[in-house]
Amino acid sequence: MESYNPQEIEKKWQQYWEEKKFFQAEDFSLPRRQAGKDQKQYLLLEFPYPSGDGLHVGHCRSYSALDAIVRQKRMAGANVLFPIGWDAFGLPTENYAIKHGVHPSVATEKNIANFKRQLKSLGLSFDWSREINTADPKYYKWTQWIFLKLFEKGLAYQAEIPINWCPACKIGLANEEVVAGNCERCGAPVQRKIQKQWMLKITAYADRLIDDLEKLDFPERVKSQQINWIGKSFGAEVNFPITDSQSSISVFTTRIDTLFGVTAVVLAPEHPLAEKLVTGENKEKVKSYIAEAKKKSDFEREKLEKGSKSGVFTGSFCKHPLTGEEIPIWIGDYVISAYGGGAVMMVPAHDKRDYDFAKKYGLSIKEVVSGGDISKNAFVDYGVLINSEKFNGLKSEEAIEKITKELEKKKLGKKTIQYKLRDWVFSRQHYWGEPMPLIHCEKCGIVPVPEKDLPVELPYIEKYQPTGTSESPLSAISDWVNIKCPKCVGPAKRETDTMPNWAGSNWYFMRYCDPNNNKELADSKKLKYWLPVDWYNGGMEHTTLHLLYSRFIYKFLFDIGVAPQKEPYQKRTSHGIVLAADGRKMSKSFGNIVNPDDIVKKYGADTLRIYEMFMGPFDQAIAWSEDGVRGVSRFLEKVWKKSLVCAENKTSGQDVLRALHKLNKKINEELDLMKFNTIIAGFMEFTNFVQSHQEGVGKDTIEKMLVLLSPFAPHITEELWQKLGHRESIFMEKWPEFSEKMLKKDTITLIIQINGRVRDIIEVKAGISEREAKELTLTRERVKKYLSDKEVKKVIFVAEKLINIVI
RNA sequence: GCCCGAGUGGUGGAAUGGUUUACACGAGUGACUUAAAAUCACUUGAGCGCAAGCUCAUGCGAGUUCGACUCUCGCCUCGGGCACCA
């Protein structure tokens, strides 16, 4: 008998499938086999960033799993779109290029070639004819086009916002490049620097991003994470008039019922009024405090531990809007400038942070909601109001209503809604990204590049190093920067900022529907046919970034008539990461990385695929184990041998057929639930069964088993299929159905319990009645032993399962 | 500090109210072999016992139930996420 040699057969079939174009999706077409049941299925995985490290075994895990689902759906008759492409712009490539003196476009090209080779070696059934690359001008033409539309509709604007600035490297840093407040490259402490940045107004879509989640088939934890991120809260805005001044401080609170407990107002160090309110004696102290706080990066500010909040008194006071009482104005670093106007009313009795702050600086604590013990802790729950003048005795809920009304009447406040969600910083001062298609004209201001001039190509330059001035490297190319204004033909300059890599990944799934269109983003009929994506799998870490951002962009494209629906993805699932054998993350610095190439070379792609599905629950993080890989390799060896041996037999016995239908049922029920690990276990159980019933297993059974296994282990099953005498590919087979009738057995195992403990097990005929079961049970020696003279109080009978005697 | 998960053999895990430990790994014994590897067969939660068998065990403690890994309450530990969100 020929032995199983994956290295030989896998290449062969990969080429065969590619030549036959098996995996190309057909626009509008009926599915291959079930005419009349025109069911399109669009399955998407997050396209990879082609890093220099090559494919990770983590990619293989989710890709193999999705591929199994895709292959099964094709066999069941669906017209499946399963595309792949490259999220090619990004910071790591630029950094790599600078470090090694290789142009980013060259590095990207090389990395893509490597990724492509690796993906192909796994035999994944992508439709390669639709491959896209976000760094290709033909692609980013449309990324720029989307930006122009956002600009046109007023959803792209410029704002002064702080960035992380490394004073030593003289470059702006991404959050990821800031490690514990220091620059990742040189270790210098990161500072904040104000920079003019392009922003996208995602906040305009906040409500819709929450409301439309309802109808989507997303995991609850994904939905709630997005909802919490958007953070819609209902509350009130209150004005505290500043003493001896015309102006007032506006604060936002969700707990207006605690208004009478305010003992200070605290401003963020960046608050525009902060410096103005400082009085003589405190001036120096406050100034240096503000300077210190501003220097701290967001990172440090966010990580301030309990108790380490700091603050300083400005020396100024404001008036309580209802009592007229004098209230001190403080500055505190725990107040976030970007939220709620950068000012809070401090109610130490009923807010934990305020409580800590008041304790630290000896501010008074005034209880206004009864129910707690404020000498020990802040009482944060709702309760009944006290010390609140005419509102005493009201419940918190009612008080919120009435106090808000009172403030509105006196024009000192109003009901408002606040969101945590912030607008999206959309520009980068880097080379390797899409240039923003805008022109700055001295006369006309900001002028969009006319659509006919798109794409604005990224110039190929030798010097893409940072400029040291916090401007993009593009600003140094005067040939490119200086241009005539498209409106007035006067002298003008190009915008030199580029877009973040999110720009390309926001809409890539739309381009797959029509990847070579030169006239528009994609043909509207094709979009209408394929979208929305039926099933999108990806990582949990993208929940509040890519997944949310791309929903926003899709909604925008829907509003301007480009996207066919309100939501891009109908169903979302997420995979767990693959950890190293030591339980840590795989990382170069730990030296614990597993290269999929090595596994494919040693054991074959089918083994790698099955192992990664078998390793554990799909959505959980699991550590790599090469012993586990060997176990799967043994399983495939067994499939190979038993298939060839049993194909000699003509027919199969009843027991074997029952086991086969049981397996078929298991797969049909568990595949969409992504219970790959138990499905593979089911196959192992089946092959073990075959091993012990070898004579009773016929060719019919083996063939059906191979068809069932083919989505999971495509190469070995295709090879065996042909060895068993078939000319057509196994993937042209129709997905098998199981019959419930075949699963029925004549006898069942009845568990006998006494007081809920198992005491005996008997084989009885199926469909046994309670009376029969009881009679049978009471004759058993082992039961009698326990019953002896005791009284039977109760008998619980669960049909086809167990009988429990209570004594 | 807040939010979300998860705790089951030597290990990864299975079981979502009904035989705890499927499947796999590892370990052990035997067969084949000059030998090893590979393969095959058997054993493998812990304790007591010659055995039949009994007792205990799903992080800890209570509770609901004829019956709890599963449901409820309280606690502990680990992992992931985070924007001190007023």
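Here is how names work: the chains are called A, B, and so on, in the same order as the sequence lines, proteins then strands, and each is numbered from 1. Worth saying up front: this structure is predicted, and the values here are computed from it rather than measured.
Distance A:Met615 CE to B:rG13 P: 9 Å, rounded to the nearest Å. Taking atom CZ of A:Arg353 as the reference point, atom C1' of B:rC82 lies 14 Å away to the nearest angstrom. A straight line from CD of A:Gln225 to C1' of B:rC2 spans 13 Å, rounded to a whole angstrom. Whole-Å rounding puts the A:Ile577 CD1 to B:rG80 P distance at 8 Å. Atom-to-atom, NE2 of A:His271 to P of B:rC85 comes out at 18 Å; the value is rounded to the nearest Å. Rounded to whole angstrom, the span from the CD atom of A:Glu626 across to the C1' atom of B:rU11 amounts to 16 Å.
Annotation: B:rG74 and B:rA83 have their C1' atoms spaced 32 Å apart (nearest Å). Taking atom C1' in both B:rG17 and B:rC69, the straight-line distance is 11 Å, to the nearest Å. Between B:rG45 and B:rU20, the two C1' atoms lie 10 Å apart (nearest whole Å). B:rG9 and B:rU21 have their P atoms separated by 14 Å, given to the nearest Å. Rounded to the nearest Å, the gap between the P atom of B:rU19 and that of B:rA86 is 47 Å. B:rA46 and B:rU11 have their P atoms separated by 12 Å, with the value rounded to a whole Å. Using P as the reference atom, B:rU70 and B:rU58 are 9 Å apart when rounded to the nearest Å. Taking the P atoms as reference points, B:rC82 lies 28 Å from B:rC73, given to the whole Å.
With sequence neighbours excluded, the residues forming a ring pair (Phe, Tyr, Trp, His ring centres under 6.0 Å) with A:Phe426 are A:Trp424, listed by chain and number. Residues satisfying the ring pair (Phe, Tyr, Trp, His ring centres under 6.0 Å) criterion with A:Phe313, sequence neighbours excluded, are A:Phe317, A:Trp330. In this structure, the side-chain contact (heavy atoms from CB on, under 4.5 Å) partners of A:Ile227, at least two apart in sequence or on a different chain, are A:Ile210, A:Leu213. Scored by the ring pair (Phe, Tyr, Trp, His ring centres under 6.0 Å) test, A:Phe676 finds A:Phe618 as partners (sequence neighbours excluded).
Heavy-atom neighbours of A:Lys201 NZ from other residues, nucleotides or ligands within 6.0 Å: at or below the threshold of 12. The neighbour count for A:Lys232 NZ, taken as heavy atoms of other residues, nucleotides or ligands under 6.0 Å away, is above 12.
A distance-only check finds a donor-acceptor pair linking the side chain of A:His350 to the backbone of A:Phe379 [under 3.5 Å]. Judged purely by atom type and a 3.5 angstrom limit, A:Glu237 has no side-chain atom pairing as donor or acceptor with the backbone of A:Ser250. Between the side chain of A:Asp423 and the main chain of A:Met199, no donor-acceptor pair closer than 3.5 Å is present. Between the side chain of A:Asn592 and the main chain of A:Ala580, no donor-acceptor pair closer than 3.5 Å is present.
Heavy atoms of A:Val344 sit under 4.0 angstrom from at least one base atom. Heavy atoms of A:Gly616 sit nowhere under 4.0 angstrom from any nucleic acid atom.
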Show which side-chain atoms of residues 796-807 of chain A pair as donor or acceptor with protein atoms under 3.5 Å away, not counting sequence neighbours.
unit_1, atom_1, unit_2, atom_2, d
A:Glu800, OE2, A:Gly767, N, 2.8
A:Asn804, OD1, A:Asn755, N, 3.4
A:Asn804, OD1, A:Gly756, N, 3.0

Taking only distance into account, with no hydrogens and no angle test, what donor-acceptor pairs under 3.5 Å do side-chain atoms of residues 678-685 of chain A form with protein atoms, sequence neighbours excluded?
unit_1, atom_1, unit_2, atom_2, d
A:Thr678, OG1, A:Glu670, OE1, 2.7
A:Thr678, OG1, A:Lys675, O, 3.1

Would you list the atom pairs, donor with acceptor, under 3.5 Å between side chains in residues 256-267 of chain A and any protein atom, with sequence neighbours excluded?
unit_1, atom_1, unit_2, atom_2, d
A:Asp257, OD1, A:Arg255, NE, 3.0
A:Asp257, OD2, A:Arg255, NE, 3.3
A:Asp257, OD2, A:Arg255, NH2, 3.0
A:Asp257, OD2, A:Ser396, OG, 3.0
A:Thr258, OG1, A:Arg255, O, 2.7
A:Thr263, OG1, A:Ser364, O, 2.9

Contact pattern, 5' to 3', of nucleotides 39-44 of chain B - B, S or - by protein heavy atom under 4.0 Å: SSS---
Summary of protein contacts for nucleotides 48-56 of chain B, nucleotide by nucleotide, where a base hit scores B, a sugar-phosphate-only hit scores S (4.0 Å, heavy atoms): -----SSSS
Base-contact (B) and sugar-phosphate-only (S) positions in nucleotides 16-23 of chain B, heavy-atom cut-off under 4.0 Å, - elsewhere: --BBS-BB
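Counting only residues at least two apart or in different chains, side-chain hydrogen bond (donor to acceptor under 3.5 Å, both in side chains) contacts with residues 631-641 of chain A comprise A:Lys638-A:Asn688.
Ranking B:rG26, B:rA86, B:rA83 by closeness to the A:Val335 side chain, first place goes to B:rA86. Listed candidates were B:rA86, B:rG81, B:rG13. Nearest to the side chain of A:Gln620 is B:rG13.
Distances shorter than 4.0 Å separate none of the side-chain N or O atoms of A:Lys420 from OP1 or OP2 on B:rA83.
Against the 90° criterion about 0, the sugar-base torsion of B:rG9 places it in the syn range.
Between A:Trp624 and A:Tyr611, the ring centre distance stays below 6.0 Å.
For RNA chain B, the stems formed by at least three consecutive Watson-Crick or G-U pairs, with both atom-pair distances below 3.5 Å, span B:1-7 with B:76-82, B:10-12 with B:23-25, B:26-31 with B:39-44, B:45-48 with B:53-56, B:59-63 with B:71-75.
In this model, no donor atom of one side chain and acceptor atom of the other lie less than 3.5 Å apart for A:Glu46 and A:His546.
Nearest-nucleotide positions on RNA chain B for A:Asn228 and A:Val632 put A:Asn228 closer to the 5' end. Positionally, the nearest nucleotide of RNA chain B for A:Val806 lies more toward the 5' end than for the other of A:Val806 and A:Trp229.
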